[in-house]
Student: 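Provided herewith is a single structure, encoded as structure tokens, for subsequent inquiry.
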Amino acid sequence: MSDDLETLRHSTAHVMAAAVLDLFPGTVIGIGPATDEGFYYDFAFQDRLLPEALPKIEARMHEIVKAATPFVKQEVPRTEAVALFERLHQPLKVELIEEKVTEPTARLYRTGDFVDLCLGPHVPNAGKLGAFRLLSIAGAYWKGSEKNQQLTRIYGTAFPTQAELDAHLTMLEEAAKRDHRKLGKELDLFLVDEMVGRGLPLLTPKGAAIRHQLEEFILRLERRQGYEHVKTPDIARLELYKVSGHLERYHDSMYAPSEMEDEEWQLRPMNCPHHIRVFQRKPSSFRDLPVRIAELGTVYRYEKSGEVSGLIRVRAFTINDAHIFCRPDQLNVEFERVIQLILQVYRAFGIKDFYFRLSLRDEVSNKWMGDPAIWQRAQDAAREALRASGHPFVEAPGEAAFYGPKLDVQIKDAIGREFSLSTNQIDFLLPERFGLEYVTSEQTMARPVMLHRAPIGAMERFMAYLIEHYGGAFPVWLAPVQVVFIPIADRHLEAVTKLAERFRDRDLRVEVDGKAERMQAKIRNAQLQKVPYMAVVGDKELEGGTLNIRRREGGDQVSVTVDQFLAQLEREAQLPL
RNA sequence: GCCGCCUUAGCUCAGCGGUAGAGCAAUGGUUUCGUAAACCAUCGGUCCGGGGUUCGAAUCCCCGAGGCGGCUCCA
């Protein structure tokens, strides 16, 4: 976002706050910054704010714009600023001055009667605002901490011109159509059933077809890269998580253990402990390393009820997991290989809109486990491997896992929310806690380093992303239905059914639309279901042994022989390895 | 979990104190059709659940569940 746009949006937030105070005297104001998408301002209203109020607030804002009320900068002594906001009954502003303002003076901006603690800059007067729209109301904790009171946040957006605002609003509407929850229903890919439980999505036959293709793709790719796949249970003795440290540091996200025959059993929240025990089944020599143990491992995490959403955030999900056990001298190479694998996966799906985020430890939180010096080594190793990859990345202090630094790949969903897709961690801690070791060339024992990595991340979330990425129009290799056969009249149905069998025998996913409908209606249905190919068959085709192929993308239909089409489809149905 | 809004047929939605509606889907029939919706008929509802107010509640109030937006958290 340019500085000018930020100034415009921030100024719009001020005008919104001014309008709110005009309409709802006694409202306490929080903060109101610009964001990548627009702006917001947080308020403590005396009564709850109804959505119907937004147009009224907008109307009042337009009056302020029309009056071209100037923004006036003012430097006042700190004590005077405190007194001013006390007089105005704005306790949150007083709190901010006391906490944040270290200079002897505080900077204020006035817009008419409205006065705000603010560094600026602002547009010269309210007449210089562009086009704006208030969008939604939401709750938000004061200063972002759930320990604090909850304020009411009004989100809006602003642009220099009406045309840009309109384009943005149209874009939002278009994006909402790609929402995987909407497409999941329309294309019959998955459902979340109240009786089964929230956060526990059920894949339908079509959704499962996509999932199986994804699994096939990643398993084969990993096999080529020297991973060994294992299969381990979704549950373990609680003891396992006592040793790993999950019970101590991760219990908030874990389902409660269940007790049977005087033993406690834990639904697993992570796969690493199981994989570690597989690694430990036999002694390892320095020659054996790296050992790469992989599994599509399902984990169970109790996400808070307000956090679950579609396939993006669920309570049972399958991680494209692997744990690489390597010598310290192999760490950088292995980490770089992981980065390359991620890039390869993303290329296969044409995913370009992502960035790397290196999550580090901070000094504020106390959730970190293990020796800070070891952490430092892990963080340095990650940074070094990332630099070597030549890919830009951002650092995020305080975002690491409790056992080590993380490298996440960040993406945005259809409506602009950011999520981690891939996640990877360097871990010196679990090898320590489980006492992992290998025999060195000097016949001494040494501790291996562990790398957790998941290029696809959670299969569910990745699938959600793909649904939105492709807008439901999956490439042939992923499409749940690759071809719909459309007989023109009833008399063609039997022959077409036999034809479809030939495709099914070749592992192609085809359907025959035998409904009592006109061809046009069947084409429309296939089109709405975003099936890549429609094969229309009537008298002409049956006589000539051909198919009339219509593509989902439109364009001219082509007449091809059955064998030609079979060959073409088999080619397009190949995994993108 | 927290703040706010929403929940009516399989789906999308109307109705908002006075006998539950539409379109699509489904089912039956007629039509047998050449590239994005043929026609007719029929079926389909604990109006999310529970409690209350009222002569009367889908509609008003309270509690709960689920969904949505956001916050917190996160793959």
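We name chains A, B, ... by the order of the sequence lines, and we start the count at 1 in each one. Fair warning: this is a prediction, and the values are worked out from it, not measured in the lab.
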Student: Closest to the A:Val536 side chain: B:G34, B:C74, B:G70?
Tutor: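 It is B:G34.
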Student: Tabulate protein N/O versus nucleotide N/O from nucleotides 44-49 of chain B, keeping only pairs under 3.5 Å, one per line.
Tutor:
none

Student: Check the interface with nucleotides 22-31 of chain B: list each N/O to N/O pair with the protein under 3.5 Å, or write none.
Tutor:
none

Student: Of all the nucleotides listed (B:C5, B:G69, B:G34), which has the minimum atom distance to the side chain of A:Leu50?
Tutor: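 So the side chain of A:Leu50 is nearest to B:C5.
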Student: Check A:Asn148 against A:Trp142 and note the closest heavy-atom contact, atom names and distance.
Tutor: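 Closest pair (atom of A:Asn148, atom of A:Trp142, distance): ND2-O, 2.8 Å.
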Student: Please state whether the base of B:G1 and the side chain of A:Tyr141 form at least one donor-acceptor pair under 3.5 Å?
Tutor: yes
Student: To the nearest 0.5 angstrom, please state how far the OG atom of A:Ser359 sits from the CD atom of A:Gln425.
Tutor: 9.0 Å
Student: Using atom types as modelled and distance alone, determine if a side-chain donor or acceptor of A:His212 lies under 3.5 Å from a backbone N or O of A:Ala208.
Tutor: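 Such a contact is found between A:His212 side chain and A:Ala208 backbone.
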Student: Find out whether the Lys NZ or Arg CZ of A:Arg133 is both under 6.0 angstrom from the six-membered ring centre of A:Tyr155 and within 45° of the ring's axis.
Tutor: no
Student: At a heavy-atom distance below 4.0 Å, what parts of residues 345-359 of chain A sit against RNA chain B?
Tutor: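 Close to the strand, none.
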Student: Test A:Phe402 against A:Glu248 for side-chain contact (heavy atoms from CB on, under 4.5 Å), laying out the working first.
Tutor: CA-CA 10 Å; A:Phe402 73 83; A:Glu248 187 187 333; over 6 Å; no
Student: Using a heavy-atom cut-off of 4.0 Å across all strands, would you classify A:Gln529 as base, sugar-phosphate, or nothing?
Tutor: nothing
Student: Let me check I have this right: for RNA chain B, each base becomes ., (, ), [, ] or |, based on Watson-Crick or G-U pairs with both distances under 3.5 Å. What is the full string?
Tutor: (((((((..((((....[..)))).(((((.......))))).....(((((..]....))))))))))))....
Student: Are any of the side-chain nitrogens in A:Glu99 or A:Lys143 under 4.0 Å away from the carboxylate oxygens of its partner?
Tutor: yes
Student: State whether A:Arg48 places a side-chain N or O below 4.0 Å from either non-bridging phosphate oxygen (OP1 or OP2) of B:C3.
Tutor: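 For B:C3, neither OP1 nor OP2 has a side-chain N or O of A:Arg48 closer than 4.0 Å.
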Student: Against the six-membered ring of A:Phe317, is A:Arg301 placed for a cation-pi contact (under 6.0 Å from the centre, within 45° of the normal)?
Tutor: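 Geometry flag: not set, cation outside 6.0 Å or 45°.
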Student: May I ask you to say what A:Lys406 touches in the nucleic acid, namely base, sugar-phosphate or nothing, with a heavy-atom cut-off under 4.0 Å?
Tutor: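 Result for A:Lys406 = sugar-phosphate.
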Student: If you count heavy atoms of other groups shown closer than 6.0 angstrom to NZ of A:Lys56, is the number above 12?
Tutor: no
Student: Base, sugar-phosphate alone, or nothing: which one does A:Val314 contact when heavy atoms must sit under 4.0 Å apart?
Tutor: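 Base, at least one base heavy atom under 4.0 Å.
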Student: What interatomic distance, in whole Å, is found between C1' of B:C48 and the corresponding atom of B:A65?
Tutor: 8 Å
Student: When only distance counts, do a donor and an acceptor, one from the side chain of A:Glu303 and one from the base of B:G1, lie under 3.5 Å apart?
Tutor: no
Student: For the side chain of A:Ser136, counting heavy atoms from C-beta on, which of B:A38, B:C71, B:G69 is nearest?
Tutor: B:G69
Student: Using the C1' atom as the point on both nucleotides, what is the distance between B:C60 and B:C16, in whole Å?
Tutor: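 One C1' to the other, the span is 10 Å.
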Student: Does B:C74 have OP1 or OP2 under 4.0 Å away from a side-chain N or O of A:Tyr302?
Tutor: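 The answer is no; no side-chain N or O of A:Tyr302 sits under 4.0 Å from OP1 or OP2.
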Student: Which nucleotide sits closest to the side chain of A:Arg181: B:C33, B:C68, B:G70?
Tutor: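 For the A:Arg181 side chain, the nearest candidate turns out to be B:C68.
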Student: Please work out if A:Ala489 contacts a base, only the sugar-phosphate, or nothing of the nucleic acid, heavy-atom cut-off 4.0 Å.
Tutor: base
Student: Ion pair present between A:Glu222 and A:Arg292, side-chain N to carboxylate O less than 4.0 angstrom?
Tutor: no
Student: Between the base of B:C71 and the side chain of A:Arg153, is one N or O donor paired with an acceptor at under 3.5 angstrom?
Tutor: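 A donor-acceptor contact between them is absent.
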Student: What are the atom names and distances for every N/O pair under 3.5 Å that joins the protein to nucleotides 7-14 of chain B?
Tutor:
unit_1: B:U12; atom_1: OP1; unit_2: A:Lys185; atom_2: NZ; d: 3.3

Student: Side chain of A:Gln150, base of B:C2: donor and acceptor closer than 3.5 Å?
Tutor: yes
Student: Would you indicate what A:Ile523 reaches in the nucleic acid, counting non-hydrogen atoms under 4.0 angstrom: base, sugar-phosphate, or nothing?
Tutor: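 The answer is base, as A:Ile523 lies within the cut-off (heavy atoms under 4.0 Å) of a base atom.
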Student: Heavy atom of residues 407-425 of chain A under 4.0 Å from RNA chain B: which residues?
Tutor: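 A:Ile415, A:Arg417, A:Ser420, A:Leu421, A:Thr423, in order of number.
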Student: May I have the list of side-chain donor-acceptor pairs in residues 337-344 of chain A shorter than 3.5 Å, sequence neighbours left out?
Tutor:
unit_1: A:Arg337; atom_1: NH2; unit_2: A:Gln225; atom_2: O; d: 3.1
unit_1: A:Gln344; atom_1: OE1; unit_2: A:Gln225; atom_2: NE2; d: 3.3

Student: Hey, does A:Tyr40 reach any base, or is it just sugar-phosphate, or nothing, if we go heavy atoms under 4.0 Å?
Tutor: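 No contact at all - A:Tyr40 keeps every heavy atom at 4.0 Å or more from the nucleic acid.
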Student: Got more than 12 heavy atoms from elsewhere within 6.0 Å of CG, A:Asp193?
Tutor: yes
Student: List for me each residue that meets salt bridge (Lys or Arg N to Asp or Glu O under 4.0 Å) alongside A:Lys540, sequence neighbours excluded, and say none if there are none.
Tutor: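 With neighbours one apart ignored, the set is empty.
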Student: Can you list everything that forms a ring-ring contact (aromatic ring centres under 6.0 Å, His included) with A:His323? Sequence neighbours excluded, please.
Tutor: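 If we apply the ring-ring contact (aromatic ring centres under 6.0 Å, His included) test to A:His323, skipping adjacent residues, the hits are A:His275, A:His452.
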Student: Shortest non-hydrogen contact from A:Arg417 to A:Ser309?
Tutor: NH2-OG, 4.4 Å
Student: Please check the phosphate of B:C3 (OP1 and OP2 only) for any side-chain N or O of A:Thr152 closer than 4.0 Å.
Tutor: no
Student: Among A:Ile218, A:Ile351, A:Ile411, exactly one meets side chain to side chain contact (heavy atoms under 4.5 Å, CB included) together with A:Phe462. Which residue is that?
Tutor: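 With A:Phe462 as partner, A:Ile218, A:Ile351, A:Ile411 yield a single side chain to side chain contact (heavy atoms under 4.5 Å, CB included), made by A:Ile351.
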Student: Pick the nucleotide of RNA chain B nearest each of A:Ile312 and A:Lys540; which residue has the one closer to the 5' end?
Tutor: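 Final value for this comparison: A:Lys540.
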Student: Check the angle between the aromatic planes of A:His391 and A:Phe354 and answer parallel, tilted or perpendicular using the 30° and 60° thresholds.
Tutor: parallel
Student: Between A:Phe43 and A:Phe45, how do the two ring planes meet: parallel, tilted or perpendicular, split at 30° and 60°?
Tutor: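 Because their plane-to-plane angle lies in the 30° to 60° range, the rings of A:Phe43 and A:Phe45 count as tilted.
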Student: If you look at every strand shown and take non-hydrogen atoms under 4.0 Å, does A:Asp252 touch a base, only sugar-phosphate, or nothing?
Tutor: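 It contacts nothing in the nucleic acid.
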Student: Using the P atom on both, measure B:G17 against B:A75 and round to a whole Å.
Tutor: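 The same atom, P, in both gives a distance of 48 Å.
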Student: Among residues 550-560 of chain A, which residues get a heavy atom nearer than 4.0 Å to RNA chain B?
Tutor: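 Contacts with RNA chain B under 4.0 Å: A:Arg550, A:Gln557.
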Student: Is there a side-chain polar atom (N or O) of A:Arg198 under 4.0 Å from OP1 or OP2 of B:G66?
Tutor: yes
Student: Can you tell me which residue pairs pass the salt bridge (charged side-chain N to carboxylate O under 4.0 Å, His left out) test with a partner in residues 356-369 of chain A, sequence neighbours excluded?
Tutor: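 Applying salt bridge (charged side-chain N to carboxylate O under 4.0 Å, His left out) to every pair that reaches into residues 356-369 of chain A, excluding sequence neighbours, yields A:Arg357-A:Asp408.
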Student: Has A:Arg153 got its NZ or CZ under 6.0 Å from the middle of the six-membered ring of A:Tyr40, at an angle within 45 degrees of the ring axis?
Tutor: yes
Student: Of the options B:A36, B:C73, B:G69, whose atoms approach the side-chain atoms of A:Leu528 most closely?
Tutor: B:A36
Student: Can you find a pair of side-chain heavy atoms, one from A:His180 and one from A:Ile312, that are under 4.5 Å apart?
Tutor: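 A:His180 reaches A:Ile312 side chain to side chain.
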Student: Supply the atom-to-atom distance A:Ile29 CD1 to A:Tyr41 OH, rounded to the nearest 0.5 angstrom.
Tutor: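 So the CD1 of A:Ile29 and the OH of A:Tyr41 are separated by 3.5 Å.
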Student: What integer number of Å spans the C1' atoms of B:A36 and B:C40?
Tutor: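 The answer is 24 Å between these two C1' atoms.
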Student: Heavy-atom nearest nucleotide on RNA chain B for A:Gly310 versus A:Gly538: which residue maps closer to 5'?
Tutor: A:Gly538
Student: Can you name the salt bridge (Lys or Arg N to Asp or Glu O under 4.0 Å) partners of A:Glu494, sequence neighbours left out?
Tutor: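 If we apply the salt bridge (Lys or Arg N to Asp or Glu O under 4.0 Å) test to A:Glu494, skipping adjacent residues, the hits are A:Lys498.
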Student: With rounding to the nearest 0.5 Å, note down the distance linking CG in A:Leu542 to NE2 in A:His492.
Tutor: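 Answer for the CG-NE2 pair, A:Leu542 versus A:His492, is 5.5 Å.
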